[in-house]
Amino acid sequence: MQRLHSGFQSEMPGRGCCPDCGSAELVEDSHYSQSQLVCSDCGCVVTEGVLTTTFSEESNLREITYSRSTGENEQVSRSQQRGLRRVRDLCRVLQLPTTFEETAITYYQQAYQHSGIRTARLQKKEVLVGCCVLITCRQHNWPLTMGTICTLLYADLDVFSGAYMQIVKLLGLDVPSLCLADLVKTYCSSFKLFQASPSVPAKYVEDKEQMLSRALQLVELASETWLVTGRHPLPVITAATFLAWQSLRPSDRLTCSLAQFCKMANVDLPYPAASRLQELVAILLRMAEQLAWLRVLKLDKRSVVKHIGDLLQHRHLLLRMAFQDGSSEMETKEKEQQRQRQRQGEEEVGHSTLDLSKGKRPASPALLLPPCMLKPPKRTCPTPPVSTVTGDENISDSEIEQYLRTPQEVRDFQRAQAASQAALSVPNPP
Amino acid sequence: MEGPPYLEFYLDQCAAQDDCVPALSPLFSPIVPYDVYTPNPSSPDTTSESHLEVKDIPSDFSSVDLSFLPDELTQENRDQTAVRSQHEIEENRNTQSHQNKLPLPSEQDDELGLHSSILSNSCAHLHPGAADSAQPSAEKPSPDALPLVAMTPMTPVTPALERSGIVPQLQNIVSTVNLACKLDLKKIALHAKNAEYNPKRFAAVIMRIREPRTTALIFSSGKMVCTGAKSEEQSRLAARKYARVVQKLGFPAKFLDFKIQNMVGSCDVRFSIRLEGLVLTHQQFSSYEPELFPGLIYRMVKPRIVLLIFVSGKVVLTVPEMKPICKH
């Protein structure tokens with residue numbers, strides 16, 4: 001403040017006195033937050049605060065680039081604003097609750113604080129919008145697949161996956177897994193089969209609740225029998241929905257194929273769904289083997305659909321009977337021996353009918369393993385021989401020379417290169 | 001820190017059970033500590049069988065003096081409970097869906113070969129070594145045979161004890177070396193038979209040698225990257241051979257700052273793994289997105305290793321940060 005006085009005094013003499021009454025009693029007062037020099041005698045406002053430094057100080061100021069100034073941190077850049085707008089739009093398109101919107105906005109803003117994101121390409125910033133929305137939905141157990149978001153953003157799944165993994169790591173977020181049950185519900189509800197229409201004949205129309213509950217049971221079955229682990233969840237649900245729909249009225253619907261079903265229901269058929277269908281039907285056939293009244297029917301992959309209702313009703317028991325995991329192999333082997341002994345014992349007594357039924361029981365239950373473990377290995381990888389290389393061995397000259405061209409070879413190579421370049425530059429003769 | 005003294009007591013006992021003295025196991029029969037195999041609640045015979053398996057483990061404890069173990073471990077465990085509280089202490093009460101879990105490989109100090117002590121029997125018990133480091137995740141013992149998650153590994157007291165036959169095989173080593181001289185890539189590509197150089201595609205010469213079967217990227221600055229070797233020594237030998245080739249082409253190449261940048265190994269634990277269960281119990285370390293990739297990415301904190309775990313039991317291990325090893 002003292003300097004203020006002196007500065008002005010040196011520049012403009014007479015500043016120390018009030019221009020009106022000439023008194024030297026100037027006090028620094030502030031009117032609201034503007035500092036003013038006021039004459040304490042007559043109340044005249046001498047000066048209204050300092051707006052700038054002195055000229056000599058100003059000449060020391062230097063221009064710096066925007067990225068080095070704090071302007072970046074204080075303002076919201078245009079691209080960030082655009083991104084935030086797109087986050088809001090995406091949330092509205094997906095009809096998410098408003099709380100999701102706020103959370104997603106927060107994540108986007110947090111991401112923007114990292115320089116790696118700020119300087120990223122526009123393409124990445126676009127998919128980042130989707131990543132923030134996806135993370136928000138996952139954390140609230142809202143079933144949203146990456147495929148849906150990529151379709152909405154017209155983005156590549158590869159780009160999306162890279163951005164997603166990066167942002168999860170950068171922000172240190174805990175993203176829970178996709179909730180399968182909820183996904184089944186939303187996905188099944190999107191099938192257009194619940195009302196008759198020109199494309200959906202009456203025999204194909206199905207009650208939503210029934211189809212939903214049966215599809216859910218089939219998906220649970222798939223998940224217990226290793227068909228879901230490591231695979232994209234959606235094709236399994238498509239296959240399960242198809243089987244559920246077929247089994248609710250098999251007589252009319254067995255003729256309809258998976259592709260026709262999806263086309264009619266106005267849902268995209270994911271490519272792996274056909275293979276998931278085969279796997280699921282194979283599991284059901286295995287389970288059917290354990291039911292006596294089904295065993296005699298000698299079901300195949302089409303006829304088993306008629307009995308899905310029964311199989312699902314007893315699925316826990318049937319799974320346990322039909323499959324074993326590797327650990328209880330010894331147990332079943334023991335049971336086998338017991339059974340054999342029993343059989344021998346009963347043969348002596350003469351219970352022939354019991355023998356028949358026991359003999360027909362499947363010999364050893366199949367292993368309950370993921371399909372990739374059940375297939376035979378593609379190629380055996382022999383363990384490489386233990387090498388005794390120390391890294392400091394002598395390197396013989398001959399070994400190195402085998403990799404070098406002789407001068408004659410160099411000349412030939414150069415000639416060949418020149419010839420090929422000449423051939424390329426000359427247009428083809430007519 | 002969760003509870004109670006009971007938890008500490010249990011953890012001490014678990015650590016004390018390391019190295020699996022069969023005599024100790026009856027003590028723990030009501031508790032199922034590292035049961036990776038999940039017995040079905042309806043089949044109690046399998047539970048008892050799992051305890052039998054504990055006893056069946058072949059023991060080579062002749063070299064180990066166990067009398068001091070409990071006290072030392074108790075002390076170390078007490079020190080570590082603070083560490084553990086920072087990491088997850090979760091309970092897993094999932095039932096049917098977790099039949100098999102992956103016991104995480106434990107680390108043996110000073111062993112570059114990345115030995116893992118994962119048992120390959122069907123019950124797949126994990127026997128973590130005594131407390132020394134790493135992040136264990138403790139579970140509440142469930143006497144009613146509810147499934148439990150494998151404890152995360154602790155390094156063993158005696159590194160010499162090999163508990164399983166599973167040793168990851170090294171598949172690839174990436175190393176860099178500085179030849180410390182400017183190189184004329186065109187000349188190298190002209191005079192070397194095993195070199196390819198396409199400046200429009202990539203600004204380096206790609207050179208290959210047959211023994212050890214490796215590929216090198218040689219840059220004009222004199223820096224070189226060598227990939228494809230199956231061991232650190234082989235990588236070093238290969239890098240030296242490349243340097244010799246460059247020398248023979250007339251450049252004053254040296255061999256400075258040889259450094260292993262990355263090591264990749266793979267192994268097979270021979271049992272199927274419930275990845276969705278693993279991601280639930282080890283959420284802080286795992287990343288499992290079946291929509292993107294069929295494997296689970298497990299970032300182990302100590303030792304700093306990233307594992308790709310697949311449902312078939314195949315595991316790919318990679319070391320993202322290689323610290324330089326002081327050799328002689």
Side-chain angles (χ1 to χ4, degrees), chain A residues 145-147 157-158 160-161 164-165 168-169 174-178 180 220 223-224 226 228-234 316 319-320 325-331 367-373 381 383-384 387-393 395 397 399-405 407 409-410 413-414 417, chain B residues 37 40 42-43 45-46 49-50 53 96-97 99-100 121-124 169 190-195 207 209-212 230-237 240-241 244-245 247-249 270-276 279-280 283-284 287-297 310-313:
Chain A
T145 57
M146 295 187 184
L157 189 64
D158 301 325
F160 186 86
S161 77
Y164 175 77
M165 302 300 282
V168 168
K169 203 173 172 187
D174 253 338
V175 185
S177 303
L178 195 57
L180 213 59
E220 271 174 25
S223 138
E224 278 170 29
W226 295 99
V228 170
T229 312
R231 275 99 168 262
H232 198 296
L234 213 64
H316 296 294
L319 273 184
R320 230 176 294 135
D325 36 328
S327 51
S328 44
E329 229 172 79
M330 296 227 301
E331 194 191 332
L367 284 171
L368 184 58
L369 288 175
C372 56
M373 285 179 88
C381 297
T383 48
S387 79
T388 49
V389 173
T390 60
D392 293 317
E393 281 98 340
I395 304 169
D397 274 347
E399 187 185 349
I400 301 297
E401 263 150 35
Q402 69 174 309
Y403 294 119
L404 303 178
R405 291 196 172 112
E409 286 175 338
V410 173
F413 183 71
Q414 276 175 319
Q417 254 191 337
Chain B
Y37 162 70
N40 265 331
S42 55
S43 51
D45 25 301
T46 47
E49 197 182 72
S50 63
E53 293 255 9
Q96 278 181 332
S97 46
Q99 294 181 10
N100 301 97
N121 24 340
S122 45
C123 255
Q169 300 291 331
L190 181 61
H191 289 264
K193 276 191 237 186
N194 55 345
M207 194 181 284
I209 58 174
R210 281 182 279 269
E211 183 56 46
K230 298 280 189 207
S231 78
E232 305 98 295
E233 296 83 18
Q234 284 187 4
S235 190
R236 193 182 141 82
L237 179 62
R240 283 175 56 224
K241 289 190 182 176
R244 280 290 284 278
V245 171
Q247 271 178 351
K248 281 226 181 280
L249 289 169
R270 295 183 203 281
F271 56 85
S272 47
I273 299 162
R274 288 274 176 204
L275 301 177
E276 54 266 16
V279 75
L280 275 179
Q283 197 166 27
Q284 267 106 302
S287 156
Y288 171 54
E289 295 290 339
E291 299 177 76
L292 296 178
F293 188 63
L296 185 150
I297 304 168
F310 296 90
V311 69
S312 57

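A, B, ... follow the sequence lines: proteins, then strands. Residue 1 opens every chain. Because only heavy atoms are used, hydrogens play no part in the values below, and waters and symmetry mates are left out as well, while side chains stay in. It should be emphasised that the depicted structure is a prediction, and the values quoted were computed from it without experimental measurement.
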Donor-acceptor check, side chain of Glu291(B) to backbone of Met146(A), threshold 3.5 angstrom: yes or no? yes

Do Val168(A) and Ser287(B) have side chains that get closer than 4.5 Å, going by heavy atoms? no

Where on Tyr403(A) is there a heavy atom nearer than 4.5 Å to chain B: the side chain, the backbone, both, or neither? both

Out of curiosity, Ser312(B) OG to Leu369(A) CG, how far, rounded to the nearest 0.5 Å? 10.5 Å

Over all atoms of both residues, closest heavy-atom pair of Tyr288(B) and Gly230(A): OH-N, 2.7 Å

Most heavy-atom pairs under 4.5 Å with chain B, out of Gln402(A), Glu220(A), Met373(A), Lys169(A), belong to Met373(A)

Check each atom of Tyr164(A) against the heavy atoms of chain B and say whether the ones under 4.5 Å are side chain, backbone, both or neither. side chain

Quick one: which of Ala195(B), Ser235(B), Pro294(B) has the most heavy-atom pairs under 4.5 Å with chain A, could you say? Pro294(B)

For a quick test of reading the model, state the closest non-hydrogen atom pair linking Val389(A) to Glu233(B) and the distance between them. O-CB, 3.1 Å

Taking Arg210(B), Gln247(B), Met207(B) one by one, which has the highest count of heavy-atom pairs under 4.5 Å against chain A? Arg210(B)

Looking only at atom types and distance, does a side-chain atom of Arg231(A) sit under 3.5 Å from a main-chain N or O of Pro290(B), one as donor and one as acceptor? no

Side-chain donor-acceptor pair present, Thr229(A), Glu276(B), cut-off under 3.5 Å: yes

Looking only at Val228(A), Thr390(A), Val175(A), most heavy-atom pairs under 4.5 Å shared with chain B are made by Thr390(A)

Test item: Arg244(B) side-chain N/O and Ile395(A) main-chain N/O as donor-acceptor pair under 3.5 Å: yes

Could you tell me which of Ile297(B), Leu296(B), Ile209(B), Leu249(B) has the largest number of non-hydrogen atom pairs under 4.5 Å with chain A? Ile209(B)

Heavy-atom pairs under 4.5 Å with chain A, option from Leu275(B), Leu292(B), Val279(B) with the top count: Leu292(B)

Please name the pair of heavy atoms, one in Leu404(A) and one in Lys248(B), separated by the smallest distance, quoted to 0.1 Å. CD1-CB, 3.6 Å

Side chains of Val311(B) and Cys372(A): does their closest heavy-atom pair fall under 4.5 Å? yes

Which atoms of Asp397(A) approach chain B - backbone, side chain, both or neither, heavy atom under 4.5 Å: both

Expected output: side-chain Arg240(B) to main-chain Glu393(A) donor-acceptor under 3.5 Å: yes

Applying a strict 4.5 Å limit to non-hydrogen atoms, the region of Leu178(A) in contact with chain B is side chain

